[in-house]
Amino acid sequence: MTSISFVIVGCGAIAHKHAITLQSHLDGANLIGVCDCDAANAEAMGSQYQVPWFTDMHQMMNQLGDQVDVVNVLTPSGYHAQNVLELVPYGKHICVEKPMALNLAEAQAMIAACEQANIRLFVVHQNRFNVPIQQIKAAIVQGRLGKVITASMRLRWHRPQSYYAQAQWRGTMALDGGVFANQAYHFIDLLQWLVGDIGLVTSVGKTQLANIEAEDTGLALLHFKNGALGMAEATTAALPSAQESRISLLGESGVIEIGGFAANEIQRWEFVEGLPEDLSIQQTAHNPPNLREYGHIQYFASVLETLTQGTAPATDGYEALKSLKVISAIYESFATHEQVSVDAAHHHSTLGVKGSKVPHSSPLQALPV
């Protein structure tokens with residue numbers, strides 16, 4: 001294949017980043033159709049990007065199927081598994097936004113179904129392609145940090161009640177989850193991708209300000225399998241406005257900190273043994289300004305490379321499952337008030353359960369560490 005054709009299922013806010021990326025920033029990619037169960041959303045997006053629009057994905061696939069190479073599933077998180085499993089019989093590759101599902105059984109069913117159908121399952125983890133993140137990954141691979149001692153993330157964003165009111169699924173446990181399943185997901189993924197697999201989680205979460213089912217604020221203590229310790233702090237209750245996201249890595253041979261709204265700026269880059277290029281990295285390691293789609297552009301470039309050249313996908317179902325397991329363990333710990341193994345079955349998590357609310361956690365000092 002020299003040109004890859006995409007269709008979009010789900011015309012919410014994130015769909016526009018996909019559409020702009022595919023239409024304006026990548027040679028060899030084409031957007032040929034969009035679908036949303038809300039006719040107004042579908043029509044508006046179809047008109048904006050000048051492609052056919054549909055209100056039923058099966059109708060779209062039956063009409064455009066011979067032309068389609070990849071289906072981008074951008075529906076609410078709680079619908080991802082259902083939508084993917086319904087699309088598998090069409091035999092087209094599938095790209096789904098994060099999180100790939102809200103429980104592990106559904107994620108594993110998605111992986112198995114795509115494997116059986118011999119189609120690719122891509123999961124969008126675009127922040128791995130941020131320039132600072134790529135520089136950090138390279139430094140870790142080169143051993144410049146040595147043994148990682150601590151790894152932490154802090155996300156202090158603001159989501160007003162009007163944000164949740166824009167769509168009924170937002171902030172629900174059945175279809176969305178709270179700050180960890182939604183906003184902090186990418187940063188949890190970055191920690192485990194950069195430092196290594198996480199083995200144990202102890203977490204607390206509360207609904208502090210927002211009138212939603214899920215948590216808007218939480219803390220998680222992370223035990224990495226390689227011995228590093230970590231902390232994840234996340235809230236969408238920061239006032240008066242969104243403030244920052246930050247990742248800090250402390251190793252035996254150096255320290256790295258990145259900040260900015262989307263963890264896209266290197267703020268500290270110090271090593272016991274410095275290199276001549278370190279100053280240049282500090283000054284230039286940031287995403288291009290005024291290009292909000294940068295991560296998606298790089299991610300879909302990797303998708304095109306996989307489909308045209310046969311390279312390994314950047315994040316397939318198995319890779320995305322690692323981060324989903326950590327998120328699932330966080331919600332399991334919310335419910336049990338106990339330390340939870342990431343690799344265990346999580347039977348008490350209310351994430352993805354209709355009509356449930358996040359359990360208000362017991363005081364932090366009562367939890368095992």
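Hydrogens, waters and symmetry mates play no part in the numbers below; they use all other heavy atoms, side chains included.
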Tell me if the [atom1] atom of [X] is crowded by more than 12 foreign heavy atoms within 6.0 Å.
X	atom1	value
Gln116	CD	no
Gln168	CD	no
Gln50	CD	no
Lys147	NZ	no
Glu277	CD	yes

Using modelled atom types and a 3.5 Å cut-off, is there a donor and acceptor pairing between side-chain atoms of [X] and backbone atoms of [Y]?
X	Y	value
Glu244	Gly259	no
Gln161	Asn211	yes
Ser302	Tyr299	yes
Arg144	Ile136	no

- Taking only residues two or more places apart in sequence or in another chain, which ones pass side-chain contact (heavy atoms from CB on, under 4.5 Å) with Thr75?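 Testing Thr75 for side-chain contact (heavy atoms from CB on, under 4.5 Å), a comparison that skips the adjacent residues, returns Val9, Val73, Tyr79, His80, Asn83.
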Starting at [atom1] of [X], measure out to [atom2] of [Y] and round the result to the nearest 0.5 Å.
X	Y	atom1	atom2	result
Asp278	Glu273	CG	CD	11.0 Å
Thr21	Arg292	OG1	CZ	11.5 Å
Ile94	Ile119	CD1	CD1	4.0 Å
Lys357	Phe334	NZ	CZ	16.0 Å
Asp69	Arg120	CG	CZ	13.5 Å
Glu265	Gln267	CD	CD	6.0 Å

- Does a donor on one side chain sit under 3.5 Å from an acceptor on the other, for Asp189 and Gln192?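 Note: Asp189 and Gln192 side chains meet the donor-acceptor criterion.
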- Item | Residues Ser349 and Asn103: side-chain donor-acceptor under 3.5 angstrom |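 No donor-acceptor contact under 3.5 Å links the two side chains.
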Could you check if a side-chain atom of [X] sits within less than 4.5 angstrom of a side-chain atom of [Y], using non-hydrogen atoms only?
X	Y	answer
Leu87	Lys92	no
Val51	Gln23	yes
Leu221	His223	yes
Asn127	Ile133	no
Arg159	Arg170	no
Asp343	Lys225	yes
Met61	Val7	yes
Tyr163	His158	no

- Query: Testing Gln108, Met100, Glu106 for side chain to side chain contact (heavy atoms under 4.5 Å, CB included) with Leu324, which one passes?
  - Reply: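 So the option named by the test is Met100.
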- Item | Residue pairs fulfilling ring pair (Phe, Tyr, Trp, His ring centres under 6.0 Å) with at least one residue in residues 23-55, sequence neighbours excluded |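 Every pair satisfying ring pair (Phe, Tyr, Trp, His ring centres under 6.0 Å) with a residue in residues 23-55: His16-Tyr49.
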- Message: Centre-to-centre under 6.0 Å for Tyr185 and His125, is that the case here?
- Response: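 Ring centroids of Tyr185 and His125 are less than 6.0 Å from each other.
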- Message: Classify the ring geometry of His58 against Tyr90: parallel below 30°, tilted from 30° to 60°, perpendicular beyond 60°.
- Response: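 Tilted, since the angle between the ring planes falls between 30° and 60°.
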- Message: Parallel, tilted or perpendicular: which one describes the rings of His296 and Phe300, with boundaries at 30° and 60°?
- Response: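 The rings of His296 and Phe300 lie parallel, inter-plane angle below 30°.
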- Tell me, with the steps shown, if Arg128 and Glu319 meet salt bridge (charged side-chain N to carboxylate O under 4.0 Å, His left out). CA-CA 12 Å; Arg128 293 188 182 189; Glu319 185 67 14; 3.2 Å; yes
- Task: Identify whether Ile256 and Val195 are in the same connected component of the hydrophobic contact network (ILVMFWY, side-chain heavy atoms under 4.5 Å).
- Result: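 Same cluster: Ile256 reaches Val195 through Ile, Leu, Val, Met, Phe, Trp or Tyr contacts under 4.5 Å.
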